[in-house]
Q: 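Before I ask anything, here is the structure I am working with.
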Amino acid sequence: MTTTLLPLFHVQPDIADKIFLETADGGTLTYRRFFAITARLAHALRGCGVRPGDRVAVQVDKSPEALALYVACVRAGAVYLPLNTAYTASEVDYFVGDAEPRLVVCRPSAQTEIGAIAAKVGGRAETLGTAGDGSLIALAANQPETFEDYPAGPDDLAAILYTSGTTGRSKGAMLTHCNLASNALTLVNYWRFTADDVLLHALPIYHTHGLFVATNVVLAAHASMLFLTKFDADEVIRLLPRATAMMGVPTFYTRLLEHPDFTRERTAHMRLFISGSAPLLASTHDEFSERTGHAILERYGMTETNMNTSNPYDGDRIAGTVGFPLPGVELRIADPETGRQLGTSEIGMIEVKGPNVFKGYWRMPEKTASEFRPDGFFITGDIGKIDERGYVHIVGRGKDLIITGGFNVYPKEIELAIDAVEGVQESAVIGVPHPDFGEGVTAIVVPVKDTDLTEETIMASVRDKLAKFKQPKRVLFVNELPRNTMGKVQKNVLREQYSTLYERRPAG
Ligand code: AMP
């Protein structure tokens, strides 16, 4: 089995002239050209003083060159460290201070500011623009088109990805060659990717989904991709007839369903739609199959573990579940406190072990140790269960668990009951401080447009379905839920916003 990424990052003679990537404006790059660019960039990195093991932090807009930079870093033995393009300079300052990269690659407009940040840790800044411009590109211009790769081993770091950090400080997840390569090969087989595939790529490339799942799978399968700089429903619908597969976050699919041109005919030739990074509502899954005849394949993963589970390629893709553990991945449900393994359909902590699981958090040995069990299982922080058929269900993040009057309430159960009420588009259930119960179960509901749902309708509908302690104390209506760029509902934002909802008002 291939245990480093390097075999994926080499032009094989039989595919050298095949198109690897095509941009929305019709520009193409063959495999040969793409790897030539990565070689030139790898030389440029050496020229900037980057040695094996050095971190290279990158905050640039999505472009073919930006993708080539990822491959170039790995070929040079450096540790690729992508940063969300939305991070502010002061956030970048934290990541750079923590990771101490030799080089920070930023947008041309940010060079002065980022240069000063890089200098504080003895690093330097170079730029990469969206039009194939920037100082790093200039340094790469006259370099050779071949490069002798650093002979990395399976356990060497290929990347550090900072977690989204919805609680506490963002942590750098250290990912090895083996973590990434083994997962890519598993996914190619599981999802039946071949050289005939054309993947529609509209995800950001600073996150595990668009960077590793999408790109490494395409490279490992010798497939091609339509590479969009961002998700745009019109653009996706225009290009779909040329694709065979698409990977997206749930919001991509809800936005496509809102579009009148997203039809059965447009998608008839597609082989596969994959969703992940956030829960896909069962209603979206159902609406999608009604509209297109395709059952979206939902999978579950995280920055620290790559992909853990997937609904089957053949066989039932069950809405509201994330399918089975992938080959080579062990997954169990355990009591969050004691670590005792739980039985079928019992709800507990999802724990995983396998070649996909990261090496630990960068410079946080204690944090790393506390998130692994003594037998090597990683405690994901996700709460879930395994049903009688072996499908894994995610009930929520551990930190989203609500404890009210001493009882545990899993928000997902309440959300499913509320979502079933006529006129509800979606809901988020959170716990906020309550003077009597510790936390009060609180539902934030997005109604379908032009319906006049009331708090009382929702309360009445769930009264027979949920035990008293699980019923929301309040139901509040909003036009939309706060989401991050990967489509995750930001419950921490909601908890903050409604933190004083149950505060007792002073008498008089
Ligand atoms: P990230 O590290 O940003 O990829 O976030 C990982 C987290 O996203 C997981 O720990 C889950 O809480 C959530 N997640 C990913 N995929 C799914 C899914 N298919 N259903 C529900 N939650 C998911």
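Not measured: the values here are computed from a predicted model. Every number for a ligand or one of its atoms is a count from 1 in the order of the listing.
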Q: So which of Gly276, Gly301, Gly396 gets nearest to atom 15 (C) of ligand 1, if we judge by its closest heavy atom?
A: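 Result: the heavy atom closest to atom 15 (C) of ligand 1 is in Gly301.
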Q: Need the ligand 1 atom indices (1-based, order shown) with element for anything under 4.0 Å from a heavy-atom of Ile394.
A: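 Within the 4.0 Å cut-off of Ile394, ligand 1 contributes 20 (N), 21 (C), 22 (N).
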Q: Could you see which bit of His207 sits under 4.0 Å from ligand 1, with heavy atoms only: side chain, backbone, both or neither?
A: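 Side chain only.
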Q: Is it the case that the side chains of Asp316 and Tyr391 hold a donor-acceptor pair, with the cut-off being a distance below 3.5 Å and no angle test?
A: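 Side chains of Tyr391 and Asp316: no pair found under 3.5 Å.
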Q: Just jot down the ligand 1 atoms closer than 4.0 angstrom to any heavy atom of Glu298, in number order.
A: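 Per the distance check, 18 (C), 19 (N), 20 (N).
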Q: Just to be sure I read this right, does ligand 1 sit under 4.0 Å from the backbone of Met486, its side chain, both, or neither, counting only heavy atoms?
A: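 No part of Met486 comes within reach of ligand 1.
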Q: Ignoring hydrogens and angles, state whether a donor on the side chain of Asp286 or Ser283 is under 3.5 Å from an acceptor on the partner side chain.
A: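 No.
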Q: Relative to the heavy atoms of Thr303, which atoms of ligand 1 are at a distance of less than 4.0 Å?
A: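 Selected atoms, number and element: 1 (P), 2 (O), 3 (O), 4 (O).
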Q: Ligand 1 versus Ser277, non-hydrogen atoms closer than 4.0 Å: side chain, backbone, both, neither?
A: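 Answer for Ser277: backbone.
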Q: Any carboxylate oxygen within less than 4.0 angstrom of a Lys/Arg side-chain nitrogen, looking at Arg363 and Glu100?
A: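 Answer for the salt bridge query: yes.
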Q: Here's one to test your reading of the geometry: is the NZ or CZ of Arg255 within 45 degrees of the ring axis of Phe231 and under 6.0 Å from its centre?
A: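 Because its charged atom misses either the 6.0 Å distance or the 45° angle limit, Arg255 does not stack over Phe231.
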Q: What are the atoms of ligand 1, with element, lying closer than 4.0 Å to any heavy atom of Val322?
A: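 Those qualifying, in numeric order: 18 (C), 19 (N), 20 (N).
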Q: Validate the cation-pi geometry between Arg271 and Phe193: distance from NZ or CZ to the six-membered ring centre under 6.0 Å, angle to the ring axis within 45°.
A: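 Judged by the rule, Arg271 and Phe193 form a cation-pi pair.
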